There are 2 protein chains.
Amino acid sequence: MRLIVARCEARYTGRLDTYLPEALRLVMIKSDGSVMIHADTGGYKPQNWMTPPTTIDEVPEADDEPAMIVVTKRAGATEDRVEIRITEVLSDVTHDMGEAAALERDGVEAHLQELLADQPTWCGEGLRLVRREWATDIGPVDLMCKDTDDRWVAVEIKRVGTIEAVEQITRYLERIHREPSMADCRGVLAAQSIKPQARTLAEGRDIECVEVDLAVLRGEREPDLTLFG
Amino acid sequence: MRLIVARCEARYTGRLDTYLPEALRLVMIKSDGSVMIHADTGGYKPQNWMTPPTTIDEVPEADDEPAMIVVTKRAGATEDRVEIRITEVLSDVTHDMGEAAALERDGVEAHLQELLADQPTWCGEGLRLVRREWATDIGPVDLMCKDTDDRWVAVEIKRVGTIEAVEQITRYLERIHREPSMADCRGVLAAQSIKPQARTLAEGRDIECVEVDLAVLRGEREPDLTLFG
DNA sequence: CTATTGATTTCGAAC
DNA sequence: GTTCGAAGTCAATAG
């Protein structure tokens with residue numbers, strides 16, 4: 001990883017055009033070809049960047065022209081380009097960092113779906129799973145179940161239940177209902193938390209809302225394990 | 001801005017839980033309180049981070065315990081926390097960067113709307129603009145036009161035409177159609193690119209899809225004539 | 001390779 | 001303060 005603290009200006013042309021007036025910034029160049037230009041404020045995002053795969057050319061200082069770093073990337077038919085004009089270098093160091101271990105994550109939507117697929121009754125009494133990722137022509141329904149009356153139930157799972165989640169399951173139901181044998185299919189939105197407005201919208205469309213707790217879902221298994229432990 | 005190159009491990013608890021095994025990484029601390037942990041690969045995103053406003057505590061090395069940087073933030077009822085355990089420091093430098101100039105942008109959705117307002121025929125043959133940002137009680141229609149048959153046409157403009165864009169114009173049309181004089185108003189989705197699923201949904205709802213080219217709109221490039229060849 | 005979707009999305013503006 | 005929509009969204013996964 002190369003870290004350059006320098007006074008610089010930058011231009012980006014690609015999906016749009018941007019200009020970054022001259023100021024003191026950090027230019028970070030990763031060994032995978034990532035390039036990022038960070039200001040000392042502005043939070044998470046770099047002011048300019050390019051993701052791999054990139055081509056990085058360093059143009060040395062010459063006559064009146066300052067040194068320049070040119071980063072390019074093929075982007076379909078066109079080319080993305082960042083030009084960094086460096087007028088003053090305060091620091092320029094390179095560190096060999098080797099491989100970094102990957103991030104381990106726990107508690108994302110996929111985990112929620114796994115747990116609910118194993119225990120679909122949390123989405124509604126007596127529900128039994130027929131299929132995960134039930135395909136429609138506008139995307140897959142997370143869980144397709146049947147209830148105690150043998151009626152179809154489409155379950156959409158989200159970490160956060162928003163209006164958009166209600167729209168999504170509504171679209172699925174619209175498609176599912178075209179199939180005569182599934183015309184009475186009902187919908188359930190299951191999420192760790194459901195926004196009040198989403199709940200209101202869902203209720204107006206006869207879509208049931210269920211809040212589920214990751215810890216409880218996992219705790220449900222514990223009695224079984226401890227009994228034998 | 002403080003740049004620490006160090007061997008470290010990190011834990012995040014908040015919206016989810018993550019663990020980052022020990023490895024060499026860059027810890028970037030901005031003067032606005034942003035903290036980012038970057039590996040030498042992995043592109044644009046840090047492996048761990050926290051956006052302002054944060055509280056940053058530095059716990060010195062003691063006995064068997066390595067030095068630690070603890071970053072916390074109030075997140076509603078709960079607290080987000082990143083703990084960085086630093087076992088070896090290769091470099092630790094601080095640079096005073098002052099204020100960095102803001103980014104200037106050109107080519108965003110607003111520009112597309114301006115150009116199409118000037119040349120609405122790109123959204124449909126013979127269209128003439130009646131009003132930009134036509135107000136409905138659920139938000140403004142980007143362009144309200146009339147066609148050669150004097151029929152109303154509501155145009156929604158996006159850089160990328162997604163299912164959500166189709167939902168949006170559908171909601172608008174639903175409202176517009178309540179006005180008897182506009183009951184025959186039709187909808188057009190104009191975007192630089194339109195996703196296949198969005199196109200399918202739009203066609204099922206008799207909403208027309210039009211792909212437009214920014215460069216062509218600006219007259220920098222001739223329209224693709226191969227369609228007629 | 002394209003297309004879709006989740007994300008600790010981030011970010012900003014409108015209300 | 002909350003909500004809503006855009007983003008050069010990014011990045012991973014499925015087809």
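Lettering of chains follows the sequences in order, A, B, ..., and the numbering in each one begins at 1. All values reported here derive from a predicted model rather than from experimental measurement.
- Screening Leu3(B), Ile37(B), Ile4(B) for a side-chain contact (heavy atoms from CB on, under 4.5 Å) involving Leu26(B) leaves a single residue, Leu3(B).
- Put simply, CD on Gln47(B) is 15 Å from C1' on dC10(D), counting in whole angstrom units.
- Note on Arg85(A) versus Glu9(A): salt bridge recorded, some NZ/NE/NH1/NH2 to OD/OE distance being below 4.0 Å.
- Toward the 5′ end of DNA chain C lies the nearest nucleotide of Asp142(A), the other residue of the pair Val160(A) and Asp142(A) mapping further downstream.
- In summary, Arg2(B) and Asp92(B) engage in a salt bridge, as defined by a charged side-chain N under 4.0 Å from a carboxylate O.
- Rounded to the nearest Å, the gap between the C1' atom of dA7(C) and that of dA7(D) is 14 Å.
- For the pair Glu167(A) CD and dT5(C) C1', the interatomic distance rounds to 17 Å; values are reported in whole Å.
- Residues Ile84(A) and Cys8(A) form a side-chain contact, since some pair of their non-hydrogen atoms from C-beta on lies under 4.5 Å apart.
- Rounded to whole angstrom, the span from the CG atom of Leu112(A) across to the C1' atom of dA7(C) amounts to 15 Å.
- Salt bridge absent: Lys195(B) and Glu211(B) never bring a charged side-chain N and a carboxylate O closer than 4.0 Å.
- Going from atom CZ of Arg15(B) over to atom P of dG6(C) covers 16 Å, rounded to whole Å.
- In this structure, CG of Asp106(A) is placed 15 Å from C1' of dA7(C), rounded to the nearest angstrom.
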Revision key, fill the gap. Protein-proximity profile, nucleotides 1-6 of chain D, B/S/- by nucleotide at the 4.0 Å heavy-atom cutoff, equals --SS-S
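- In this structure, the CZ atom of Arg105(A) is 9 Å from the C1' atom of dT8(C), given to the nearest Å.
- By the 4.0 Å N-to-carboxylate-O rule, Arg186(A) lies close enough to Glu208(A) to be salt-bridged with it.
- Look at the C1' atom in both dA6(D) and dC10(D): the space between them is 14 Å, to the nearest Å.
- When heavy atoms are screened at a 4.0 angstrom cut-off, Thr51(B) is found touching the sugar-phosphate backbone but no base atom.
- Taking for each of Trp49(A) and Lys45(B) the nucleotide of DNA chain D with the nearest heavy atom, the 5'-most of the two is the partner of Trp49(A).
- In this structure, Tyr12(B) reaches the bases: a heavy-atom distance under 4.0 Å links it to at least one base atom across the strands shown.
- Counting any heavy atom pair closer than 4.0 Å across all strands shown, Met50(A) reaches a base atom.
- Comment: Glu167(A) engages Arg205(A) in a salt bridge, judged by a side-chain N to carboxylate O separation of less than 4.0 angstrom.
- As rounded to whole Å, 20 Å separates atom P of dC10(D) from atom CG of Asn48(B).
- Two residues, Leu16(B) and Tyr44(A), neighbour DNA chain C, and the one matched to the more 5' nucleotide by heavy-atom proximity is Leu16(B).
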Check your understanding: Would Leu127(A) and Trp122(A) count as a side-chain contact (heavy atoms from CB on, under 4.5 Å) if you check the C-alpha gap in whole Å, the side-chain angles of each, and the deciding distance to 0.1 Å?
Key -> CA-CA 8 Å; Leu127(A) 284 197; Trp122(A) 284 108; over 6 Å; no
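- Between the CD atom of Gln113(A) and the C1' atom of dA14(D) there is a distance of 14 Å, given to the nearest Å.
- For dA14(D) and dT8(C), the C1' atoms lie 24 Å apart once the distance is rounded to whole Å.
- Remark on DNA chain D: of its neighbouring residues Gly43(B) and Asp80(A), the 5'-side contact belongs to Asp80(A), judged by nearest-heavy-atom nucleotide.
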